[in-house]
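In listed order, ligands and their atoms are each counted from 1.
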Amino acid sequence: SSAQDGGGEFAFFSEEMQNDARESMRFGTYLRRSVESIALGGSEFELHYQPVVELKTGRIVSAEALLRWNHRRLGSVSPEKFIAEAERNDLIYPLGGFALSSAVEQLARWQRNFEFAPGIAVNVSVKQFQDPAFGGQLRALLAGTGVSPSLLEFEITERVLMSDTDRTLSVLQLLRDMGIRLLLDDLGSGYSSLQYLLKFRFDVLKIDRSFVSSIGSDVGTQSREVSRSIIDLAHSLNCDVIAEGIETAEQLRYLIDQGCDYGQGFFLARPLPVDQFNKLLIAGKIELP
Ligand code: C2E
Ligand code: MG
Ligand code: MG
Ligand code: MG
């Protein structure tokens, strides 16, 4: 009723804006219901796993866990979209908790079934990091499953380091002390990454997809230089490097030639449901051209 009876007061809201507002409210409601239903056991969320490959050998060393949401009305929704929404309205706590516990349970299965279990990298949001309950939940999860913390990796972005830096640094140190590996994600996509590189030593730096994807295009010469510089910088800081978003043989070749340690991308393998990922794990490696 309000849309019609609002009178002059709301006249500056176009019909389109009202539709957008209504749609985004509906989206928020769908997400809330889906996240709530996790606790009831019926999950519309699952993790897919994208292999991280040692570029020299093609060996699969770990998997990045990526959340997927398949909603009965909306279909498959992009993580960029639902993660952002979940961060806005605090659903990221239960949703991030689900991702973390699913990943650790998967690690436990791999640890039981494979001689060389791969690691899993879980993306962790700013808010999760600032949640005082995070450390305790993590400890309980690892203790309950018997998973070795050295198999667990956290991917964080510069954004995490920009807010409440002191507290964040102490959480990072605590995780490091537990034996968890720490990766800096999307390096180069944000603002002032370099100062953070000096504040905390990450185990791995991940070169943002935007640099890798422009290797071989018009702006390729500059991106090549940037990718190469990041690889050299990482090594001089004693970190390993993962290039994300490798889509062509040319990009792969260039990164190998520059001494990049690891890579991910559609050219190597897409993010996969666990049963398909397991097939790759049995082979143990990806054939490189
Ligand atoms: P990200 O952590 O940077 O993850 C890498 C993204 O690049 C994934 O997108 C992956 O599917 C995509 N990708 C991998 N290789 C290629 C390639 O060769 N080409 C192209 N075009 N894309 C490639 P996805 O799965 O859509 O996830 C998007 C973002 O959503 C992630 O970016 C991450 O920031 C966030 N995300 C996903 N799962 C989680 C989660 O469990 N927790 C949190 N906090 N964030 C998550
Ligand atoms: Mg990531
Ligand atoms: Mg990334
Ligand atoms: Mg990225």
Side-chain angles (χ1 to χ4, degrees), residues 31 34-35 38 43-53 55 62-70 75-106 119-131 134 138 152-160 181-190 193 202-217 227 230 241-252 255 260 262-274 276-277 286:
L31 184 62
S34 293
V35 171
I38 292 174
S43 181
E44 294 162 10
F45 297 94
E46 67 171 352
L47 291 177
H48 281 196
Y49 296 92
Q50 185 176 37
V52 177
V53 170
L55 293 182
S62 60
E64 179 174 7
L66 294 158
L67 264 177
R68 296 291 177 256
W69 179 30
N70 198 1
S76 163
V77 183
S78 152
E80 313 262 7
K81 193 172 172 200
F82 71 79
I83 297 281
E85 173 72 13
E87 281 172 354
R88 263 194 299 278
N89 59 20
D90 286 357
L91 290 171
I92 195 67
Y93 300 114
L95 189 55
F98 169 80
L100 183 59
S101 60
S102 305
V104 171
E105 283 157 18
Q106 186 56 52
I120 295 185
V122 180
N123 293 283
V124 182
S125 294
V126 191
K127 283 194 170 173
Q128 289 177 272
F129 252 84
Q130 290 165 350
D131 180 3
F134 184 67
L138 182 61
L152 187 60
E153 309 179 329
F154 285 141
E155 297 198 359
I156 70 163
T157 62
E158 292 160 10
R159 227 151 54 82
V160 174
R181 283 160 57 81
L182 299 166
L183 283 57
L184 185 63
D185 203 357
D186 299 342
L187 180 65
S189 67
S193 23
F202 289 87
D203 298 285
V204 180
L205 306 183
K206 296 188 76 169
I207 306 178
D208 192 61
R209 194 165 86 205
S210 56
F211 292 117
V212 175
S213 65
S214 46
I215 296 172
S217 72
S227 304
I230 296 177
V241 192
I242 300 177
E244 55 176 32
I246 302 173
E247 291 185 347
T248 68
E250 181 189 0
Q251 291 162 357
L252 175 66
L255 291 162
C260 184
Y262 304 99
Q264 273 175 272
F266 295 169
F267 184 75
L268 302 166
R270 292 192 169 251
L272 299 166
V274 70
Q276 288 180 47
F277 185 91
I286 288 174

*N/O/S of N123 less than 2.8 Å from the Mg ion (ligand 2)?*
yes

_Numbered atoms of ligand 1 (with element) below 4.0 Å of R209, judged on heavy atoms_ = 6 (C), 7 (O), 12 (C), 13 (N), 20 (C), 21 (N), 22 (N), 23 (C)

_Residue part near ligand 1, for E244, under 4.0 Å between non-hydrogen atoms_ = side chain

*Could you see which bit of H48 sits under 4.0 Å from ligand 1, with heavy atoms only: side chain, backbone, both or neither?*
neither

*Any non-hydrogen atom of G96 lying under 4.0 Å from ligand 1?*
no

*Without hydrogens or angle criteria, can the side chains of H48 and E46 be said to hold a donor-acceptor pair below 3.5 Å?*
yes

*What are the atoms of ligand 1, with element, lying closer than 4.0 Å to any heavy atom of A99?*
41 (O)

_Distance-only N or O hit between ligand 1 and N123, under 3.5 Å_ = yes

*By atom name, which N, O or S atom of E244 is the nearest to the Mg ion (ligand 3)?*
OE1

_To the nearest 0.5 Å, what is the distance between CG on L95 and CZ on F45?_
5.0 Å

*asked:* Which of the numbered atoms in ligand 1 are under 4.0 angstrom from any heavy atom belonging to E247?
replied: 17 (C), 18 (O), 19 (N), 20 (C), 21 (N)

*Could you check which N/O/S atom of E155 is closest to the Mg ion (ligand 2)?*
OE1

*Report the relative orientation of the aromatic rings in F134 and F154; use parallel for angles under 30°, tilted for 30 to 60°, perpendicular for over 60°.*
tilted

*Taking non-hydrogen atoms only, is I83 closer than 4.0 angstrom to ligand 1 via side chain, backbone, both or neither?*
side chain

_Residue-level breakdown please: for R68 versus ligand 1, do any non-hydrogen atoms fall below 4.0 Å on the side chain, on the backbone, on both, or on neither?_
side chain

*asked:* Quick check on contacts: which atoms of ligand 1 are under 4.0 angstrom from a heavy atom of D186?
replied: 3 (O)

*Would you tell me which option among V124, L66, L95 has the nearest heavy-atom contact to atom 31 (C) of ligand 1?*
L66

*Heavy-atom distance under 4.5 Å between the side chains of Q251 and S227, does that happen here?*
no

*asked:* Counting backbone and side-chain atoms alike, is an N, O or S atom of E64 positioned under 2.8 Å from the Mg ion (ligand 2)?
replied: yes

*asked:* As a quick check of understanding, evaluate side chain to side chain contact (heavy atoms under 4.5 Å, CB included) for V122 and L152, giving each step before the final call.
replied: CA-CA 8 Å; V122 180; L152 187 60; 4.0 Å; yes

*For I156 and F202, run side chain to side chain contact (heavy atoms under 4.5 Å, CB included): C-alpha distance rounded to whole Å, both residues' side-chain angles, the deciding distance at 0.1 Å, then the answer.*
CA-CA 10 Å; I156 70 163; F202 289 87; 3.8 Å; yes

_Is the contact between D185 and ligand 1 made by the side chain, the backbone, both, or neither, using heavy atoms and a 4.0 Å cut-off?_
side chain

*Specify side chain, backbone, both or neither for T157, according to which of its non-hydrogen atoms lie closer than 4.0 Å to ligand 1.*
neither

*Side-chain touch N123/E64, heavy atoms, less than 4.5 angstrom*: yes

*Have a look at the Mg ion (ligand 3) and estimate, to 10 degrees, the angle subtended by OD1 (D185) and OD1 (D186).*
90°

*CG of L255 to OH of Y262: how many Å apart, nearest 0.5 Å?*
14.5 Å

_Partner of I207 under side-chain contact (heavy atoms from CB on, under 4.5 Å), chosen from V241, L187, D185_ = V241

*May I have the step-by-step check of side chain to side chain contact (heavy atoms under 4.5 Å, CB included) for D186 and E244, ending in yes or no?*
CA-CA 8 Å; D186 299 342; E244 55 176 32; 2.9 Å; yes

_Test log, rule side chain to side chain contact (heavy atoms under 4.5 Å, CB included), inputs Q130 and V160_ = CA-CA 9 Å; Q130 290 165 350; V160 174; over 6 Å; no

*Taking heavy atoms and a distance under 4.0 Å, where does S125 meet ligand 1: side chain, backbone, both or neither?*
both

*Is Q50 touching ligand 1 with its side chain, its backbone, both, or neither, if touching means heavy atoms under 4.0 Å apart?*
side chain

*Going from OG on S78 to CG on L67, what distance comes out if it is rounded to the nearest 0.5 angstrom?*
11.5 Å

*asked:* Heavy atom to atom 29 (C) of ligand 1, shortest distance: which of E80, R159, R270 holds it?
replied: E80

*Which of the numbered atoms in ligand 1 are below 4.0 angstrom from a heavy atom of P271?*
11 (O)

*From CD1 (I215) to OG1 (T248), nearest 0.5 Å*: 8.0 Å

